[in-house]
Every structure is written in structure tokens, then in C-alpha cells.
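First up is the structure itself, then whatever we jot down about it.
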Amino acid sequence: MIFSKTLNRWYSINKRELPWRQTKNPYSIWLSEIILQQTQVKQGLPYYEAFLVNFPTVFDLARAEEQDVLKLWQGLGYYSRARNIHLTAKYIVNQYDGVFPNNYTALLKLKGVGDYTASAIASICFNEPKAVVDGNVYRVLSRYFGVETPINSSKGIKEFKTLAQELIDHENPADYNQAIMEFGAVQCKPQNPDCSVCPFNTTCFAFNKNQIQQLPVKIKAEKAKKKYFNFLVIISKEEQTILKKREGKGIWQNLYQFPLIETSKSMNQDEFHSILKNHDVLKGLNYELSLYNETAIIHKLSHQHLYTKFWIVTTHASLTEGITFLEIHKYPVPLLIENFIKDFNF
DNA sequence: AATCCGGGGCT
DNA sequence: AGCCCAGGATT
């Protein structure tokens, strides 16, 4: 009881003014919660504003083309979130006449909505006492109570969920949930928190045992694998190029890119030239090849590092599947491609 | 239970 | 270059 009281007092004084705190509209809250998954407020904020401007209601989002939703999501990463909000918007319109379900269990059935997001929407919009457990909550609870179970183990996930649920303020779950997350983000930060001004510093386990750096405990991730990407930037006489949609599984699903040839090592001009001879996209084409970036661009994802070279393929032929330079900007592309497009000045 | 899925930020 | 951040779906 003391815990939630102290937390709520801290929150009322220190909370940031954020646009999704001005509303209880389930559509807005849902949108903000999906955007904020794995994403910091600073990065997600402009996307939240843009989505509400472009798609003010769930009906507008449901009517959109997936490509336009992905375009608006471009740069934010984890693109399944964008595909899922589009799917779910259509589902809400068709199955619920555009009205969001009003409880945890029904919310959990939505694509892209897991335990965290269902708890967030249910508590914030409908005052259902379901405790949210996001990265901030793991950190706050593990430090304050000295819980050493790894937060990314099955045991840890259950343990922290149970603990969080025991602590929730049943009088005001909406503010309590937001308070503990905001406290984790602003005060009980991952690195170098200023514990001297923390309202919990007399009773916090980690602070008093000098364990702030050690908590929370987390199982280490595998090292990122190296991959070697070669993009064919085809430039035709008629100012056209070729973009391909990424199909199937893997990264950047349904986004576009220049024709890609993945190799087992970094290629030089001669090596790549011989590989190119029997490639589909250039079949029967007369072209000249030049390397745009001598040193590979390293694009870092959490689980793979992409060593990337852009190869300029100039041709006098006309392209049957070509798009004009002006049209490039309508296609959703990964940041790696977007950065090249800007640099190349199409 | 383990792995995949982006991109930002700090050192 | 190496490290931390961390929800949901899939297998």
C-alpha cells in the first residue's frame, strides 16, 4: 500500500506531459502502446502524431493500404507491428463495428496485443486492475525488492508478473501502471540513476546493498551474425530503377529494396562482376558496373550486422518493371535503403 | 524454452 | 566495435 502511494505521489509531481496522457480513447491508447513497444518515447512520439493525423479513427486505418501504413511506420522498426495494427484495425471495424473491446481477455485476442499491451489498454481506458510489466517495471521491481531471477527467463516473467499484480493500486490502476513505468523511465533509469533524490532510497534493496548496476539480472543475448548484402542500384537511361518487395519470412517483410544478392563474404569489383553474369534481373542486359561505397556500410540490427555494398548498374536498355526516380519515395523501405536514397540524391 | 524481429544511444 | 535497451509471434 505504501509502495503505490509513494509512487503515485512521485508521478503526480514528475510525470511528463505526453499526448497520449490527454485521452482515454482506446484507439489512441492502443496506437501509442503498440508504437512504444521496444521503443523510447522520444523516438515514438513523432510517429504517434503522424498516425493520428493520417488516420484519426480506426475506420481510417482500416481503409488504408498496407503499403501506406508501412510507409508511415518507416524507420521505426519491428515492422510486424505496422502490419498487425492494420490487420487489427480491419478486424475491429468488421467484428466490433469499430468499437474496441473493453476488457483484458478480449483485448489479448487482438493480433499484436500481448500481455503487456492488453494490461495497459484495459487499465488505462477501462480501469481494470491488470498490472503492466514492461522493461521499466522489471527494473524497478528487481531493484527495489532485490529480485535476482533473470527477467528474460520463463521463471522471471511469471515471478515479476505475480509481484506486479500484488502491488497494483486497485483504486486507480490507470495512474498506478503509468506511474511505475514513468518512474522506471525517468528516475530508476538503466544507467546512472540519481538515487539521492529517489523517494524510495531508504527502503530500496539495490540502493542499500549497492546493487544498482547488477539489477535487473538478464540472460545475455547471442552475438549478432554477420551478413553480406549487395544491392543492385539499376539506373536506366529513362531515369528508372527497380525496387523489389521483400516476401516471405525474415527481416523487413513487405518493405521494398533494390534487387539484393547476398554473399558469404565481402565482394570486390571483379568477384562481384562474375557473380552478376548469371543473375535474373540483369539477364540479357548490357550494363556497366561500379561500386558506390568502397567500405561496406555496417547496418546493425539486434541479431545481425549487415555489411552492405551498393553497386551502381548503368544501362541504356529500358526496364520492363522499372519505376521512375520520383516514384521511389512512395515505397516503404528499410532505413538502410532510405539512407542510401537520400545520399544518392535520386 | 529458444529464437526472430529494428533501430537508437552510449562508451 | 561492443554493449544496453526489450514485447509479441513463431517454432
Side-chain angles (χ1 to χ4, degrees), chain A residues 30-47 70 72-88 104 107-121 130-143 149-161 164 177 181 184-186 188-193 212-227 229 246 248-255 257 295-308 332-339:
Chain A
W30 166 68
L31 213 46
S32 74
E33 291 300 344
I34 302 293
I35 287 172
L36 292 173
Q37 287 168 7
Q38 308 288 103
T39 305
Q40 304 227 319
V41 166
K42 189 188 170 192
Q43 194 196 358
L45 191 52
Y47 287 85
L70 283 170
L72 210 53
W73 198 272
Q74 181 181 299
L76 198 53
Y78 289 118
Y79 296 94
S80 64
R81 293 184 292 171
R83 299 191 302 271
N84 281 336
I85 59 167
H86 189 224
L87 279 175
T88 294
Y104 171 85
L107 286 163
L108 196 55
K109 293 188 169 70
L110 304 175
K111 258 282 194 331
V113 174
D115 176 75
Y116 162 75
T117 307
S119 299
I121 302 171
K130 284 282 185 182
V132 292
V133 185
D134 74 341
N136 296 305
V137 177
Y138 281 123
R139 188 168 53 254
V140 171
L141 296 184
S142 70
R143 283 176 176 169
T149 318
I151 61 171
N152 52 350
S153 65
S154 303
K155 187 161 176 277
I157 290 166
K158 282 181 203 158
E159 208 171 311
F160 281 97
K161 178 76 183 177
N177 271 341
M181 292 192 286
V186 173
C188 196
K189 298 183 296 181
Q191 305 299 330
N192 309 315
I212 291 292
Q213 292 294 334
Q214 282 69 45
L215 292 171
V217 175
K218 193 181 294 189
I219 299 164
K220 289 264 186 280
E222 294 281 320
K223 267 194 184 166
K225 290 189 170 67
K226 290 182 180 179
K227 290 194 167 191
F229 277 13
R246 288 187 66 98
K249 297 187 189 304
I251 58 173
W252 301 329
Q253 197 185 353
N254 294 5
L255 272 67
Q257 65 185 17
T295 49
I297 294 164
I298 305 170
H299 189 74
K300 292 181 172 185
L301 309 181
S302 50
H303 59 296
Q304 47 187 298
H305 291 176
L306 310 177
Y307 288 70
T308 308
V333 297
L335 210 53
L336 173 63
I337 302 297
E338 177 70 11
N339 290 340

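Here is how names work: the chains are called A, B, and so on, in the same order as the sequence lines, proteins then strands, and each is numbered from 1.
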key: Closest-nucleotide 5' rank along DNA chain C - winner of A:K249 and A:D134   = A:D134

task = Answer yes or no: is there a side-chain heavy-atom contact under 4.5 Å between A:K223 and A:H303?
result = no

side-chain N/O A:W73 vs B:dG7 OP1/OP2, d < 4.0 Å = no

ask   = Listed in order of residue number, which residues of residues 152-161 of chain A have a non-hydrogen atom at under 4.0 Å from DNA chain B?
value = A:S154

ask   = With sugar-phosphate meaning primed atoms plus P, OP1 and OP2, does A:K189 contact a base, only sugar-phosphate, or nothing at under 4.0 Å between heavy atoms?
value = nothing

ask   = Hey, is the side chain of A:H303 poking within less than 4.0 Å of OP1 or OP2 on B:dC5, counting only N and O atoms?
value = yes

note = Separation of B:dG8 atom P from A:E338 atom CD, nearest Å, is 12 Å

key: Which nucleotide in C:dA6, B:dC5, B:dG7 has an atom nearest any side-chain atom of A:K218   = C:dA6

message = Just to be sure I understand the rule, does A:Q37 reach a base, reach only the sugar-phosphate, or reach nothing, if contact means heavy atoms closer than 4.0 Å?
response = sugar-phosphate

inquiry  = Restricting to non-hydrogen atoms, name the atom on A:R81 and the atom on A:I34 that form the minimum distance, rounded to 0.1 Å.
reply    = NH1-O, 3.1 Å

query = Do A:T117 and A:Q37 get their side chains close enough for a donor-acceptor pair, meaning under 3.5 Å?
reply = yes

request  = Quick one: closest heavy-atom pair of A:N177 and A:A131, and the distance?
outcome  = OD1-CA, 3.7 Å

request  = Give A:Q304 one of three labels, base, sugar-phosphate or nothing, depending on what nucleic acid heavy atoms sit under 4.0 Å from its own.
outcome  = sugar-phosphate

Under 4.0 angstrom between A:T117 side-chain N/O and C:dG8 OP1 or OP2 = yes

query = Quick one: CZ on A:F229 to OH on A:Y307, what's the gap to the nearest 0.5 Å?
reply = 13.0 Å

remark   = Checking B:dC5, B:dG7, C:dC3 against the side chain of A:H299 (C-beta onward), the nearest is B:dG7

query = For the side chain of A:P190, counting heavy atoms from C-beta on, which of B:dG7, B:dC5, C:dC5 is nearest?
reply = C:dC5

ask   = Looking at residues 77-85 of chain A, who's got a heavy atom less than 4.0 Å off DNA chain B?
value = A:G77, A:Y78, A:Y79

Euclidean distance for P, C:dT11 against B:dG6 (whole angstrom) = 15 Å

request  = To the nearest 0.5 Å, tell me how far A:Q304 CD sits from A:L306 CG.
outcome  = 5.0 Å

ask   = So, A:Y116 and A:E33: side-chain donor and acceptor under 3.5 Å apart, yes or no?
value = yes

request  = Please check if any side-chain donor atom of A:N152 sits under 3.5 Å from a side-chain acceptor atom of A:Y138, or the reverse.
outcome  = no

task = Write down the distance between CG (A:L107) and P (C:dG7), rounded to a whole number of angstrom.
result = 18 Å

key: Rounded distance in Å - CG (A:L76) to P (B:dC5)   = 17 Å

remark   = Note: A:L70 and A:A82 closest approach over all heavy atoms is CD2-CB, 3.8 Å

query = Do A:N136 and A:R139 meet the criterion of a side-chain donor-acceptor pair at a distance under 3.5 Å?
reply = yes

B:dG6 base / A:S302 side chain donor-acceptor hit below 3.5 Å = yes

ask   = So A:Y47 and A:W73, would you call those rings parallel, tilted or perpendicular, with 30° and 60° as cut-offs?
value = tilted

inquiry  = Tell me the interatomic distance from A:L36, atom CG, to C:dA6, atom C1', rounded to whole angstroms.
reply    = 13 Å

Distances under 3.5 Å only, N/O to N/O: pair up the protein atoms with those of nucleotides 9-11 of chain B.
none

remark   = Of C:dT10, B:dC5, B:dG7, the nucleotide closest to the side chain of A:K111 is C:dT10

request  = Report yes or no: do A:R83 and A:T88 form a side-chain donor-acceptor pair below 3.5 Å?
outcome  = no

key: A:K225 NZ to C:dA1 P, straight-line distance once rounded to whole Å   = 18 Å

remark   = The answer to which of A:V333 and A:E222 contacts DNA chain B further toward the 5' end, by nearest nucleotide, is A:E222

ask   = Heavy-atom distance under 4.5 Å between the side chains of A:I212 and A:P193, does that happen here?
value = yes

query = Once you round it to whole Å, what is the distance between P of B:dG7 and CD1 of A:I298?
reply = 16 Å

message = From CG of A:L255 over to C1' of B:dG6, roughly how many Å is that when rounded to an integer?
response = 11 Å

query = A:Q43 CD to C:dG7 P: how many Å, rounded?
reply = 14 Å

